[in-house]
Peer 1: 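Structure below; questions to follow.
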Amino acid sequence: MNRSVLVTGGNRGIGAAIARAFAAGGDKVAITCRSGEPPEELTSLGVLPVRCDITDAEQVEQAYKEIEEKHGPVEVLVANAGITKDQLLMRMSEEDFTSVLDTNLTGAFRVVKRANRGMLRAKKGRVVLISSVVGLMGNPGQANYAASKAGLVGFARSLSRELGSRNITFNVVAPGFVESDMTAVLGDEQRESVLGQVPLKRFGRAEEIAATVRFLASDDASYITGAVIPVDGGLGM
Ligand code: NAD
């Protein structure tokens, strides 16, 4: 398709699968990489890694400048970067709460706002925000994470109403439990407990999330905005 696509947190896990899927479809893909070396499997596909911590507005600005120089203005943005800092409420510090919000929700605000500069000028754009089934259902020990992920839904729906007339769509994908570094920390007991509640009786694969994201950025999804699509094996229904 040859579009300029940015996937935040695209250096591993779900983000890397999303970056791979767009690159395989012929798009010009950039990923943010907070630290370390970008994975060779992505750079060998021509994916452009840009250094960027999305909690830092200046780094976001620099990253966009680099992408615009090399690929042109971002036409498809996938706000995927996210963190967890799980803790029961009475043990959760204010920093545990605000740092998760700052990355997952305000981080999305920073990258979406900057992308919209070019999208408004182009009079088109596609934004996909990666939320979580936890943002819709809640989960003990994840009040900070759930609040940030639920926040993305209100954020996307407000922007859908605000910018629909400008031909920019905002959709949310809400993954269930997916095999990745984020879920690798779960113990056997926790995994069994999750699987007991998932109708499809398995964790998801990052590629299954990527397929839905690509659909939402495709022409087939041209009349979809403000949608929240669970890709969760039925967990959240
Ligand atoms: P992961 O921990 O493997 O990857 C997270 C990515 O975000 C990494 O690339 C990391 O570097 C990046 N990131 C974190 N903070 C950043 C910052 N400040 N600036 C730039 N990049 C930053 O996790 P994952 O499982 O691949 O998760 C990807 C997204 O999917 C996250 O938003 C997560 O909340 C969401 N999600 C994951 C699951 C799951 O089961 N794995 C379920 C639901 C939602």
Side-chain angles (χ1 to χ4, degrees), residues 6-21 29-39 41-42 47 49-64 67 77-86 98-112 114 127-139 142 144-153 155-156 172-186 190-191 194-195 197-198 200 202-210 212-213 228-233 235-236:
L6 169 61
V7 184
T8 66
N11 60 320
R12 63 169 201 244
I14 293 173
I18 296 170
R20 254 194 321 271
V29 182
I31 56 171
T32 64
C33 221
R34 230 181 346 166
S35 58
E37 287 307 306
E41 59 121 356
L42 290 181
V47 169
V50 291
R51 278 267 171 264
C52 176
D53 181 330
I54 60 164
T55 63
D56 181 332
E58 187 47 39
Q59 288 190 35
V60 170
E61 179 60 30
Q62 287 311 318
Y64 271 88
I67 295 165
L77 169 65
V78 185
N80 162 80
I83 58 167
T84 51
K85 280 196 185 172
D86 298 353
T98 54
S99 62
V100 169
L101 268 287
D102 192 31
T103 302
N104 297 3
L105 184 57
T106 316
F109 161 77
R110 292 184 189 98
V111 294
V112 168
R114 183 57 179 79
V127 177
V128 181
L129 299 134
I130 307 299
S131 174
S132 167
V133 67
V134 167
L136 309 177
M137 296 172 70
N139 198 24
Q142 291 200 302
N144 50 359
Y145 181 73
S148 70
K149 294 299 189 180
L152 289 175
V153 174
F155 180 63
V172 174
V173 173
F177 287 79
V178 176
E179 301 288 1
S180 77
D181 288 356
M182 199 174 261
T183 50
V185 296
L186 296 177
Q190 284 170 301
R191 283 180 78 88
V194 169
L195 287 178
Q197 299 167 58
V198 179
L200 288 180
R202 63 174 177 83
F203 277 41
R205 292 187 297 273
E207 291 69 26
E208 292 173 311
I209 310 303
T212 303
V213 172
V228 180
I229 303 194
V231 185
D232 63 359
L235 174 62

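All values derive from a computational prediction rather than experimental measurement. Counting starts at 1 for both ligands and their atoms, following the listed order.
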Peer 1: Are any side-chain N or O atoms of Thr103 and backbone N or O atoms of Val100, one a donor and one an acceptor, separated by less than 3.5 Å?
Peer 2: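 A pair under 3.5 Å: no.
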Peer 1: With no hydrogens and no angle check, is any side-chain donor or acceptor of Asp102 less than 3.5 Å from a backbone partner on Thr106?
Peer 2: no
Peer 1: Between ligand 1 and Gly15, is the shortest N or O to N or O distance under 3.5 Å?
Peer 2: no
Peer 1: Is it the case that ligand 1 has an N or O less than 3.5 angstrom from some N or O of Lys149?
Peer 2: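 N/O-N/O distance below 3.5 Å exists for this pair.
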Peer 1: Let me confirm one number: the OG1-NZ distance from Thr98 to Lys85, rounded to the nearest 0.5 Å.
Peer 2: 8.0 Å
Peer 1: Compute the shortest N/O to N/O distance between Tyr145 and ligand 1 and return yes if it is under 3.5 Å, no if not.
Peer 2: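 In this structure, Tyr145 places an N or O atom under 3.5 Å from an N or O of ligand 1.
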Peer 1: Examine Met182 against ligand 1 and note whether any of their N/O atoms are separated by less than 3.5 Å.
Peer 2: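 No, since none of the N or O atoms of Met182 sits under 3.5 Å from an N or O of ligand 1.
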Peer 1: Can you confirm, on distance only, whether ligand 1 has an N/O atom lying under 3.5 Å from any N/O atom belonging to Ile83?
Peer 2: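 The answer is no, given that Ile83 and ligand 1 share no N or O pair closer than 3.5 Å.
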Peer 1: If you measure from each non-hydrogen atom of Ala16 to ligand 1, which part falls under 4.0 Å: side chain, backbone, both or neither?
Peer 2: neither
Peer 1: Is any side-chain N of the basic residue among Arg110 and Glu61 closer than 4.0 Å to the acidic one's carboxylate O?
Peer 2: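 No.
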Peer 1: Could you tell me whether Thr103 and ligand 1 have an N or O pair separated by under 3.5 Å?
Peer 2: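 No.
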Peer 1: Could you tell me the separation between the CD1 atom of Ile14 and the CZ atom of Arg12, rounded to the nearest 0.5 Å?
Peer 2: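 It comes to 11.0 Å.
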Peer 1: With distance as the sole test, does Asn104 use its side chain to make a donor-acceptor pair with the main-chain N or O of Lys149 at under 3.5 Å?
Peer 2: no
Peer 1: Can a donor-acceptor pair be found between the side chains of Gln59 and Asp53 at a distance below 3.5 Å?
Peer 2: no
Peer 1: State if Gly176 counts as touching ligand 1 under the rule of any non-hydrogen atom under 4.0 Å.
Peer 2: yes
Peer 1: How does Pro175 reach ligand 1, if at all, at less than 4.0 Å between non-hydrogen atoms: by side chain, backbone, both, or neither?
Peer 2: both
Peer 1: Side chain, backbone, both or neither: which applies to Ala206 and ligand 1 if a contact is any heavy-atom pair less than 4.0 Å apart?
Peer 2: neither
Peer 1: Drop me the distance from Ser180's OG to Ile209's CD1, to the nearest 0.5 angstrom.
Peer 2: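 The CD1 atom of Ile209 is 9.5 Å from OG of Ser180, to the nearest 0.5 Å.
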Peer 1: Side chain, backbone, both or neither: which applies to Thr183 and ligand 1 if a contact is any heavy-atom pair less than 4.0 Å apart?
Peer 2: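 For Thr183, the contact with ligand 1 is made by the side chain alone.
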Peer 1: Does any N/O atom on Ser132 come nearer than 3.5 Å to any N/O atom on ligand 1?
Peer 2: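 There is no such contact.
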